[in-house]
Amino acid sequence: MSNKSKKKARRESPEGVLRHKLDMCSKRGDVFEALRLYDDARSNGITLSQHHYNVLLYVCSCKCGSESSENGDRENDSNLGLKRGFEIFQQMITDKVDPNEATFTSVARLAVAKEDPEMAFDLVKQMKSFGIPPKLRSYGPALFGFCKLGNTDKAYEVDAHMGESGVVPEEPELSALLKLSVDAKKVDKVYEILHRLRTLVRQVSESTFKIIKDWFDSVDAAEIGVLNWDVSKVREGIVRGGGGWHGQGWLGSGKWRVERTQIDENGVCCSCNERLVCIDIDPRETENFASSLSNLACQREVRSDFNKFQEWLGRHGPFDAVIDGANVGLVNQHNFSFYQLNTVVNRLRQMSPSKRMPLVILHKGRVSGGPAQIPKNKKLLDIWRDAGALYTTPPGSNDDWYWLYATVNCKSLLVTNDEMRDHLFQLLGTSFFPRWKEKHQIRLSVSRDGLNLLMPPPYSIVIQESENGSWHVPTITGDDLEAPRQWLCATRARVKSLHSLFSN
C-alpha cells in the first residue's frame with residue numbers, strides 16, 4: 001500500500017472515525033455526544049488511544065457545557081462531565097494507556113471543579129511517577145485551590161514541591177501565596193514572599209499592589225518589627241545582595257505610612273524623599289549572558305551569517321551605543337524616516353565621550369529600496385557605511401538578534417522602543433535580561449517639541465527594601481514614557497529617628 005492508501009485506511013478505520021468525531025465534539029464543546037461516542041466505542045470493542053482519551057477528558061473538563069444539548073442546561077453538562085471524567089481517566093489507567101501532560105492538566109481541571117485541591121496535588125505527584133516533568137500550570141489547580149480554602153500548610157507544601165521540581169512561580173502564584181499569608185497573619189512568610197516577588201517579578205500588577213498595600217495598612221504589619229537592630233549587619237546584607245535589600249527582617253515598629261506615589265528623574269521618592277538605589281550587575285553575569293545569546297542566535301539564524309557579523313563587530317567595535325534602526329525610523333511615523341534616524345545618530349554622537357558614531361543596525365531591505373533610494377538618504381547610508389557604523393542584516397534574518405548581541409557584547413547603550421517581550425526574548429529565559437535591559441535601553445519620545453531621548457533611570461525599577469526598613473514597590477502601571485510609573489511607598493514615622501540613634 002502507498003502512504004496515501006495507508007492514511008486513508010487509518011482515517012476510515014473505526015479508531016480513525018472515532019478520532020474525527022471526537023475532535024468535532026471538542027470543537028463544539030459537545031460533552032453529551034462525546035460521551036455517547038465513548039460508550040459506543042467501549043461496547044463495540046474499539047481500542048482507544050491516548051488521543052481519544054485526552055479529547056474526552058478535555059471535553060469533560062471544560063467549564064461550559066454543550067451549547068448543542070437538547071435542553072441547553074449547562075449546569076447538567078458540567079456535572080455530567082465531572083462525574084464521567086474521573087471514570088474515563090481511571091479506565092485510561094486500567095487500559096494501560098500512558099497519560100501525558102495534557103491528560104493530567106485536564107484531570108486537574110476536573111479536580112478544581114470538584115473543589116478538591118488534594119486530588120489535584122496527588123495528580124502532580126503521579127506525573128513524576130510516570131516520568132512526566134510537571135509544568136507551572138500543572139501546579140496551579142492545587143496551589144490556587146489550597147489558597148482559596150485558606151489551607152496554609154498544604155499551599156506551602158505545594159510551593160515547596162514546585163521548588164524541588166525546578167518549577168519557578170510567577171506573579172499569579174506568588175500573589176496567591178502572599179494573600180494567603182497576609183490573611184493567615186504569617187508575618188515571616190509575607191516577608192519571604194515579598195522578597196521572592198522582588199527577585200522573580202520585580203514590578204507588580206495592580207491586584208498584587210492592593211494585597212501589598214492591605215498588608216502594610218494592617219494591624220499585624222504595625223505590630224511586627226524590631227526596635228533595636230544591628231546596623232552593621234543590615235549594611236553587610238545590602239552589600240552582599242548587591243544593593244536594594246538587606247533580608248534581615250522587618251525593621252522598626254508602629255503604623256506604616258502607605259502612599260501611592262512616583263519616583264522623580266533623579267530616583268527620589270516624591271512621598272518620603274528617599275533616594276532609590278541602582279543595583280549592580282555582576283560582570284560575570286553579563287559575560288555568561290553574551291555567551292548564551294550568541295549560542296542561541298547561531299541556532300536561530302544562519303550560522304555563517306551571524307558568525308560573519310561577529311567577526312565584523314570584532315573589527316569595527318566596540319561602540320558606545322547601538323541603534324535598532326528599523327524601530328527608531330518608524331517611531332511616530334507612517335513611513336520610515338531616515339531624517340529621524342539621523343537625528344538620533346547625531347544626538348548620540350554628541351553624547352559619546354569619544355564622539356564616535358553609534359552602530360546602526362538595518363535590514364538589507366531598508367537600505368536597498370523605498371526611501372533608501374532617495375539621494376539624500378543614500379548619502380546618509382554611505383556616510384554611516386564609510387564610518388564603519390552601519391551593518392545590514394541579510395535577507396531572511398531577524399535583526400533583533402544582531403542589535404541585541406552587539407549591545408551586550410560592546411556593553412553599550414541600546415536605542416529602541418521595542419519592549420522586548422515577544423517570543424525571541426522569552427527564549428532567553430533568564431531573570432538577568434530585564435535587569436540588563438533596564439540599565440541599557442534608551443527610549444525615544446517624539447512630540448511637537450521635537451525628539452527626546454529617555455536615558456536609563458539612575459535607579460533600579462524593582463521592589464526595594466532600604467536599610468532603615470522602608471519599602472518601595474513599583475507597579476506595571478505607567479512606563480515613564482507615556483505616563484509616570486506608579487509606586488507604593490511604605491515607611492514608618494519612627495524608623496528614621498531610631499535608625500539615626502542606633503547608627504551613632
Side-chain angles (χ1 to χ4, degrees), residues 169-183 186-222 224-225 234 237-238 241-252 254-279 431 434-435 437-439 457-481 483-493 495-496 499:
E170 296 180 356
E171 184 177 1
E173 291 76 25
L174 291 173
S175 185
L177 285 166
L178 179 63
K179 186 175 189 315
L180 174 73
S181 302
V182 169
D183 292 344
K186 302 282 187 179
V187 295
D188 291 339
K189 271 291 183 179
V190 172
Y191 186 82
E192 174 199 318
I193 295 166
L194 276 175
H195 275 295
R196 291 172 70 187
L197 283 166
R198 174 188 58 78
T199 304
L200 299 172
V201 179
R202 296 174 61 81
Q203 302 141 21
V204 303
S205 64
E206 281 295 320
S207 57
T208 304
F209 180 95
K210 184 179 184 306
I211 296 169
I212 296 172
K213 184 178 185 304
D214 288 346
W215 156 252
F216 281 112
D217 281 332
S218 70
V219 174
D220 300 297
I224 190 66
V234 168
I238 290 173
W245 67 286
H246 53 73
Q248 300 301 308
W250 302 110
L251 305 183
K255 185 175 175 61
W256 294 83
R257 178 173 174 265
V258 186
E259 301 281 349
R260 179 186 282 265
T261 187
Q262 299 167 13
I263 307 299
D264 72 17
E265 60 184 10
N266 297 314
V268 176
C269 175
C270 296
S271 175
C272 70
N273 293 322
E274 182 172 325
R275 185 182 296 276
L276 301 191
V277 302
C278 186
I279 300 169
S431 63
R435 290 185 286 134
K437 184 178 82 165
E438 182 180 280
K439 284 179 171 288
Y459 58 94
S460 295
I461 306 174
V462 62
I463 295 173
Q464 296 199 20
E465 175 193 34
S466 74
E467 65 177 271
N468 66 9
S470 63
W471 287 76
H472 289 86
V473 181
T475 72
I476 57 174
T477 304
D479 60 0
D480 298 323
L481 184 62
R485 185 181 301 276
Q486 300 295 297
W487 288 71
L488 177 141
C489 168
T491 59
R492 296 206 239 211
V495 165
K496 196 168 186 179
H499 175 68

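Only this structure's heavy atoms are used, side chains among them; waters, hydrogens and symmetry mates stay out.
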Practice item. Would you mind reporting whether F216 and L488 have side-chain heavy atoms less than 4.5 Å apart? Key: yes
Practice item. Answer whether the closest heavy-atom distance between the side chains of R198 and H195 falls below 4.5 Å. Key: yes
Practice item. Salt-bridge test for R435 and E438: reply yes if a basic N is under 4.0 Å from a carboxylate O, no otherwise. Key: no
Exercise for review: Ignoring hydrogens and angles, tell me if any N or O in the side chain of S175 forms a donor-acceptor pair with the backbone of P172 under 3.5 Å.
Suggested key: no
Practice item. Give me the ring orientation class for W250 and W471: parallel if the planes are under 30° apart, tilted from 30 to 60°, perpendicular past 60°. Key: tilted
**Study point:** Beyond-backbone contact of I193 with S181, side-chain heavy atoms, under 4.5 angstrom
**Key:** yes
Review point. Can you name the nearest heavy-atom pair linking R275 to N266, along with the distance?
Key: NH1-O, 2.7 Å
Exercise for review: Look up atom CD in E171 and atom CG in L197, then write down how far apart they are to the nearest 0.5 Å.
Suggested key: 7.0 Å
Exercise for review: Answer yes or no: is there a donor N or O on one side and an acceptor on the other, between the side chain of E259 and the main chain of C489, under 3.5 Å?
Suggested key: no
Practice item. Check whether any side-chain heavy atom of L174 lies under 4.5 Å from a side-chain heavy atom of T208, and answer yes or no. Key: no
Review point. Taking atom CG of D217 as the centre, does the number of heavy atoms from other residues, nucleotides or ligands within less than 6.0 Å exceed 12?
Key: yes
Practice item. Side-chain contact test, heavy atoms from C-beta onward, threshold under 4.5 Å: evaluate it for V190 versus L178 and give yes or no. Key: yes
Check your understanding: Is E192 paired with R196 through a side-chain N to carboxylate O contact shorter than 4.0 Å?
Key -> yes
Study note, to complete from the structure: So CD of Q203 and OG of S460: to nearest 0.5 Å the spacing works out to 10.0 Å
Check your understanding: Under the 3.5 angstrom rule, does the side chain of K186 hit a backbone N or O of L180 as a donor-acceptor pair?
Key -> no
Check your understanding: What's the spacing between H246 NE2 and S466 OG if we round to 0.5 Å?
Key -> 6.5 Å
Check your understanding: Parallel, tilted or perpendicular: which describes the rings of H472 and W487, with under 30° parallel and over 60° perpendicular?
Key -> perpendicular
**Study point:** Approximate separation, where rounding is to 0.5 Å, of K189 NZ and L177 CG
**Key:** 7.5 Å
Check your understanding: Which atom pair, heavy atoms only, marks the closest approach of P474 to R485?
Key -> CB-CD, 4.1 Å
**Study point:** I461 CD1 to K439 NZ distance, which is reported to the nearest 0.5 Å
**Key:** 11.0 Å
Exercise for review: Output yes when a side-chain donor or acceptor of T475 lies under 3.5 Å from a complementary backbone atom of Q486, and no otherwise.
Suggested key: yes
Check your understanding: Between Q248 and G237, which heavy-atom pair has the shortest distance, and what is it?
Key -> NE2-CA, 4.5 Å
**Study point:** Gap between atom CD of E274 and atom OG1 of T491 - 0.5 Å precision
**Key:** 8.5 Å
Point to revise | Working for side chain to side chain contact (heavy atoms under 4.5 Å, CB included), residues V268 and Y459 | key: CA-CA 9 Å; V268 176; Y459 58 94; over 6 Å; no
Exercise for review: Please report the closest heavy-atom contact between A221 and W215, naming both atoms and the distance.
Suggested key: CB-O, 3.0 Å
Exercise for review: Specify the closest pair of heavy atoms between S271 and R257, including all atoms of both residues, with the distance to one decimal.
Suggested key: OG-NH1, 3.2 Å
Exercise for review: Could you tell me which non-hydrogen atom of C272 sits nearest to which non-hydrogen atom of C269, and how far apart they are?
Suggested key: N-SG, 3.5 Å
